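For this chain, numbers begin at 1 and follow the sequence in order. Please read these numbers as outputs of a predicted model, since none were measured by experiment.
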Amino acid sequence: MLTKLIVALALIALVSGASPPGGGNITAAGQARPKPQSKKRTRYACPMHPEVNSGKPGKCPKCGMALRLVEEETEDAAAPANDTAKPAADDSDPLSPPEIPDIIVYDQDGKRLKFYTDLVKGKVVAINFIFTTCTTICPPLTATFRRVQQELEKGTGRDVRLISISVDPLVDTPERLRDFAAKFKAQPGWTFVTGDKIEIDSLLRALGAAVTNKNDHTPIVLVGNDATGYWTRTYGLSPPAALVKVITETADHK
């Protein structure tokens with residue numbers, strides 16, 4: 001009887017020691033495995049090339065745009081790493097209609113305009129963002145817009161207005177914009193815009209294109225059909241035919 005009692009007590013002690021404090025798991029050696037710790041993972045991605053991502057700030061090798069913080073997640077440290085960032089934007093990305101301020105701006109001829117009333121209201125527009133001293137993406141962005149204008153002039157039957165907004169209004173006077181427009185053979189229907197810096201900054205914020213450093217400005221093109229309230233955005237360095245396709249689809253949107 002005493003032997004049976006000793007055996008029973010030993011079994012009870014063994015069972016009670018099987019679950020370690022804190023709910024950790026038991027390894028084959030009988031030792032508690034600590035709970036997996038969580039950690040923060042930060043990812044940066046190009047707004048126009050979501051497949052380009054990094055664990056630290058930098059610039060997109062495809063378009064030169066500054067990578068932006070798109071993900072900060074908590075994950076299991078024991079889980080396998082996943083380096084794929086969530087997409088920041090598709091190459092053609094439908095948007096909610098922006099609330100465009102009707103600020104006073106000046107075109108390349110020095111004409112005083114109300115941005116929304118005179119340039120956007122009731123129209124189909126394609127808007128990009130440039131500055132005249134830029135030596136990286138602005139020249140190809142502007143050359144692409146010229147090709148787009150030529151394609152649209154070939155008989156699409158759609159009245160589309162092109163707008164290039166300076167992200168450096170302190171330097172880009174109407175005269176500088178006029179010379180810049182002439183360099184790329186811009187034709188009527190393509191307006192280059194500058195103005196008071198505070199006003200232009202408010203416009204850029206409304207259009208989702210505000211930057212603290214002009215060199216980090218976005219290569220996106222905003223395309224809108226103000227009459228129907230349909231807006232989208234696309235990559236400004238896409239082939240001209242791809243941009244024309246987005247613009248014509250926006251113009252035809254009901």
When you compare the side chain of [Y] with that of [X], does any pair of heavy atoms fall below 4.5 Å?
X    : Y    : result
I200 : V193 : yes
Q108 : T191 : yes
F115 : I165 : yes
L119 : R161 : no
T234 : L243 : yes
P219 : Y235 : yes

Flag the pair [X] and [Y] as a salt bridge only when some basic side-chain nitrogen lies within less than 4.0 angstrom of an acidic carboxylate oxygen.
X    : Y    : value
D179 : K183 : no
R158 : D252 : yes
E151 : K154 : yes
E249 : K245 : yes

**OP:** Show the numbers, then the answer: is there a side chain to side chain contact (heavy atoms under 4.5 Å, CB included) between V125 and D226?
**Re:** CA-CA 8 Å; V125 297; D226 186 65; over 6 Å; no
Where do [X] and [Y] come nearest, in terms of heavy atoms and distance?
X    : Y    : result
G229 : P97  : O-CG, 3.0 Å
G236 : T144 : O-CG2, 3.7 Å
A206 : P101 : CB-CD, 3.5 Å
Y106 : P174 : CB-CG, 4.1 Å
S164 : I130 : CB-CG1, 3.9 Å

Original post:
Under 3.5 Å, is there a donor-acceptor pair linking the side chains of T194 and D172?
Top reply: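 Not at all, the side chains of T194 and D172 share no donor-acceptor pair under 3.5 Å.
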Roughly how far, to the nearest 0.5 Å, is [atom2] of [Y] from [atom1] of [X]?
X    : Y    : atom1 : atom2 : value
D107 : L177 : CG    : CG    : 9.0 Å
S166 : F180 : OG    : CZ    : 9.0 Å
L141 : L237 : CG    : CG    : 4.5 Å
I220 : L222 : CD1   : CG    : 4.5 Å
H253 : T228 : NE2   : OG1   : 6.5 Å
T218 : R233 : OG1   : CZ    : 8.0 Å

For [Y], is there any backbone N or O sitting under 3.5 Å from a side-chain donor or acceptor partner on [X]?
X    : Y    : result
Q149 : Q187 : yes
N213 : N215 : yes
H217 : V167 : no
N225 : Y230 : no

Original post:
Relative to the ring of W190, is the ring of F145 parallel (under 30°), tilted (30 to 60°) or perpendicular (over 60°)?
Top reply: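 Rings of F145 and W190: perpendicular, as their planes differ by over 60°.
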Subject >> side chain to side chain contact (heavy atoms under 4.5 Å, CB included) assessment of I247 paired with V221 >> reply: CA-CA 10 Å; I247 292 169; V221 171; 5.8 Å; no
**OP:** May I have the step-by-step check of side chain to side chain contact (heavy atoms under 4.5 Å, CB included) for I163 and V120, ending in yes or no?
**Re:** CA-CA 9 Å; I163 303 171; V120 178; 4.2 Å; yes
Original post:
Applying the side-chain contact (heavy atoms from CB on, under 4.5 Å) test to R112, which of D118, I104, V105 qualifies?
Top reply: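 Between R112 and the candidates, side-chain contact (heavy atoms from CB on, under 4.5 Å) is satisfied uniquely by I104.
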**OP:** Given side chain to side chain contact (heavy atoms under 4.5 Å, CB included), test L207 with F129 step by step and report yes or no.
**Re:** CA-CA 10 Å; L207 298 177; F129 307 90; 4.1 Å; yes
Original post:
Does R147 CZ have over 12 foreign heavy atoms under 6.0 Å away?
Top reply: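 Check fails, neighbour count at 12 or below.
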